[in-house]
Amino acid sequence: MSIIEYLSETNTAAAMPTVSVGRDRLFTALGRSYTQEEFEDLCFSFGIELDDVTTEKAIISKEKHLEEEKPTADDEIIYKIEVPANRYDLLCLEGLAQALLVFNGKEKIPKYTVANISKASMLKMHVKKETSLIRPFIACAVLRGITFDEASYNSFIDLQDKLHQNICRKRTLVAIGTHDLDTLQGPFTYEALPPPEINFVPLKQAKNFRADELMEFYKSDLKLKKFLHIIENSSVYPVIYDRNRTILSLPPIINSAHSAITLKTKNVFIECTATDLTKAKIVLNTMVTTFSTYCKRKFEVEPVEVISFDGKSSVYPDLSEYNMEVPLSYITGSIGVPLEVDEVTSLLKRMQLHAEKAESGEVKISVSVPPTRSDILHPCDVMEDVAIAYGYNNIPKRTLSSLKPLPLNQLSDLIRYEIAMNGFTEVLTWILCSKKENFEMLNRKDDKSTAVIIGNPRSSDFEVVRTSLMPGMLKTVGHNKDHPKPIKIYEVGDVVLLDEKKDVGASNRRLLGALYCGANSGFELIHSLVDRIMEVMGTPFVPVGDKSGYFIELSNEPEFLSGRQAKIIYKGGRIGIFGIVHPEVLNNFDIPDPCSFLELDIESFL
């Protein structure tokens with residue numbers, strides 16, 4: 001016997017980030033108000049989604065597990081917006097508003113610049129050799145003449161948290177530190193020292209801590225304790241000093257209270273320490289481009305020179321654009337819409353990409369990618385932006401000449417159509433279920449040779465791959481028992497069975513399940529459905545033992561009522577079963593009304 005183990009902790013798909021923004025503040029930034037339906041349409045057109053509409057009170061009540069209060073007219077409406085996981089520029093209100101304004105043609109694409117100052121005048125960050133033992137990279141920049149209000153300040157902090165959870169991978173790859181530059185004096189040094197040698201007052205604290213004491217102190221902090229493992233077992237901890245040996249931060253854990261930014265801060269020093277320099281550059285660019293809109297010189301960022309221990313010098317941030325040429329034929333061929341060069345360049349500009357016709361033999365689009373669009377890595381990304389701006393709903397549907405549906409899928413669709421015509425409603429249930437639902441609740445015994453077992457399941461609800469459609473459909477009825485009767489549902493879906501003949505140790509089977517629940521069992525209706533399916537399949541009813549068609553025989557399965565069940569025999573083999581569901585099984589799924597159920601292996605007809 002072979003058991004396939006599925007490690008559910010690995011290869012988990014990343015969830016799309018959700019950005020919470022105040023509706024009124026967002027509409028003010030966009031220069032107009034929208035109805036909820038209008039804003040949902042705008043989000044869909046831009047490739048994002050309005051996930052939820054709530055209030056600040058409701059969010060706080062949910063976090064504290066309190067009973068939700070009824071909203072009042074004074075409550076601030078909060079929009080929760082889902083954005084693509086690789087669009088770091090959309091993780092706050094400022095980035096969202098900027099992108100939507102350009103998309104709607106209300107503003108031109110911003111031009112981000114680095115302040116034109118000499119290297120001699122730049123702030124310096126000197127990197128010591130010991131940092132290579134723990135966190136080797138750092139990139140820095142300055143936002144001069146910035147003006148915060150309470151909302152923009154909160155957004156500035158929230159963007160850091162969003163980036164830490166997303167591209168920074170919970171600070172393991174990158175950690176962001178932001179400081180009030182007017183409380184510090186350059187040049188700065190980035191060092192790695194033994195924990196007892198590091199002593200400072202951390203953010204939101206009033207007394208000095210040694211770094212090793214700080215690790216113990218934060219083990220009880222709900223927010224910071226999950227980051228301690230990144231450095232706590234190292235012989236040296238990363239630390240940043242200014243000229244006066246004032247500590248700025250202990251990355252990736254906590255900043256110093258000395259340089260904490262406030263609403264009155266005018267000059268912000270941003271440092272990103274990292275184990276991945278590319279990620280650090282992206283994070284730094286995202287921070288400075290997003291919030292340079294509040295600077296006195298809009299969209300201008302002051303650079304910082306980072307000098308490595310080996311004498312190499314780098315200047316950050318790098319806000320230069322890089323160019324990419326994409327054949328027009330690739331864009332139009334992939335989307336399936338004939339577009340002219342001018343149309344494509346206009347659509348790309350709506351997505352904040354400068355574009356023009358390239359001067360070459362083949363018709364190509366020359367695209368300038370700004371520092372905000374780190375997600376543009378390949379011509380397919382450019383093509384996708386053209387498709388979004390054009391509108392997916394505007395792309396005509398067509399069947400690819402090379403695409404032919406599988407016979408099994410064609411048969412599945414035919415059966416779905418026929419059963420729906422008989423008044424049944426399609427349901428889609430989980431392919432994973434608990435062992436109890438798959439066996440015990442159906443009065444079945446686990447013979448250890450049928451079900452594929454899940455290794456390391458996240459929940460007891462998902463312990464095995466279903467071997468029948470029955471438990472999922474009974475659960476559906478159990479959760480909808482107050483629905484008007486009769487309930488007539490069906491499902492066409494796969495089950496998985498252990499199979500030693502297959503190289504993976506298991507095989508899929510496509511089954512049809514149909515269930516009737518009402519004041520009476522509806523056994524005759526399920527029986528007539530069997531006859532109708534066989535008629536549609538061109539399979540005649542024949543005497544017992546005849547292999548030219550199908551016939552039924554009495555069966556004795558524990559999930560059905562004895563004497564009120566039958567197995568379906570086709571070409572000498574059993575392909576299905578139907579009958580009245582046993583009262584014990586109905587009770588297990590909390591169903592008070594009688595039910596009849598049909599399960600049929602439709603692959604047998606191929």
Between the main-chain N or O of [Y] and the side-chain N or O of [X], is there a donor-acceptor pair closer than 3.5 Å?
X	Y	value
Asn587	Pro583	no
Arg171	Ile253	yes
Asp381	Leu377	yes
Asn409	Pro405	no
Thr467	Leu497	no
Asn422	Glu418	yes
Lys485	Lys481	yes
Tyr490	Arg416	yes
Ser460	Ser434	no
Asn166	Lys162	no

Rounded to the nearest 0.5 Å, how far does [atom2] of [Y] lie from [atom1] of [X]?
X	Y	atom1	atom2	answer
Leu598	Leu525	CG	CG	12.0 Å
Cys92	Asp158	SG	CG	8.0 Å
Asn86	Met16	CG	CE	9.0 Å
Ile282	Thr278	CD1	OG1	6.5 Å
Arg350	Leu100	CZ	CG	10.5 Å
Phe227	His229	CZ	NE2	8.0 Å

Run Ile376 and Val382 through side chain to side chain contact (heavy atoms under 4.5 Å, CB included) and show every step you take. CA-CA 7 Å; Ile376 304 295; Val382 176; 4.0 Å; yes

How far apart are the closest heavy atoms of [X] and [Y], and which atoms are they?
X	Y	value
Ile568	Ile577	CD1-N, 4.3 Å
Asp601	Leu511	CA-CD2, 3.5 Å
Gly47	Ile388	N-CG2, 4.1 Å
Leu93	Gly22	CD1-O, 4.2 Å
Val174	Ala280	CG2-N, 3.7 Å
Leu91	Val83	CD2-CG2, 4.0 Å

Can you find a pair of side-chain heavy atoms, one from [X] and one from [Y], that are under 4.5 Å apart?
X	Y	value
Ile48	Cys43	yes
Leu90	Val19	no
Cys380	Tyr330	yes
Lys170	His164	no
Asp593	Ile487	no

Show the numbers, then the answer: is there a side chain to side chain contact (heavy atoms under 4.5 Å, CB included) between Glu599 and Met473? CA-CA 11 Å; Glu599 190 162 70; Met473 297 183 71; over 6 Å; no

Would you tell me whether Thr372 and Gln352 have side-chain atoms, one donor and one acceptor, within less than 3.5 Å of each other? no

Hey, do the aromatic rings of [X] and [Y] have their centres closer than 6.0 Å?
X	Y	value
Phe578	Phe523	yes
Phe551	Phe541	no
Tyr570	Phe605	yes

Answer yes when [X] and [Y] have at least one side-chain N-carboxylate O distance shorter than 4.0 Å, and no when they do not.
X	Y	result
Arg373	Asp385	yes
Asp221	Lys223	no
Asp499	Arg509	no
Lys435	Glu440	no
Glu557	Arg574	yes
Asp446	Lys448	yes
Glu491	Arg466	yes

Which pairs count as salt bridge (charged side-chain N to carboxylate O under 4.0 Å, His left out) when at least one residue sits in residues 516-528, sequence neighbours excluded? none

Is the number of heavy atoms from other residues, nucleotides or ligands within 6.0 Å of NE2 (His483) greater than 12? no

Verify the neighbour count for atom CG of Leu606: are there more than 12 heavy atoms of other residues, nucleotides or ligands below 6.0 Å? yes

Kindly confirm or rule out a cation-pi arrangement of Lys488 over Phe424, judged by NZ or CZ under 6.0 Å from the six-membered ring centre and within 45° of its axis? yes

Quick one: do Leu432 and Val465 satisfy side chain to side chain contact (heavy atoms under 4.5 Å, CB included)? Show the steps, please. CA-CA 5 Å; Leu432 301 182; Val465 186; 3.8 Å; yes

Parallel, tilted or perpendicular, judged at 30° and 60°: which one describes the rings of Phe103 and Phe46? perpendicular

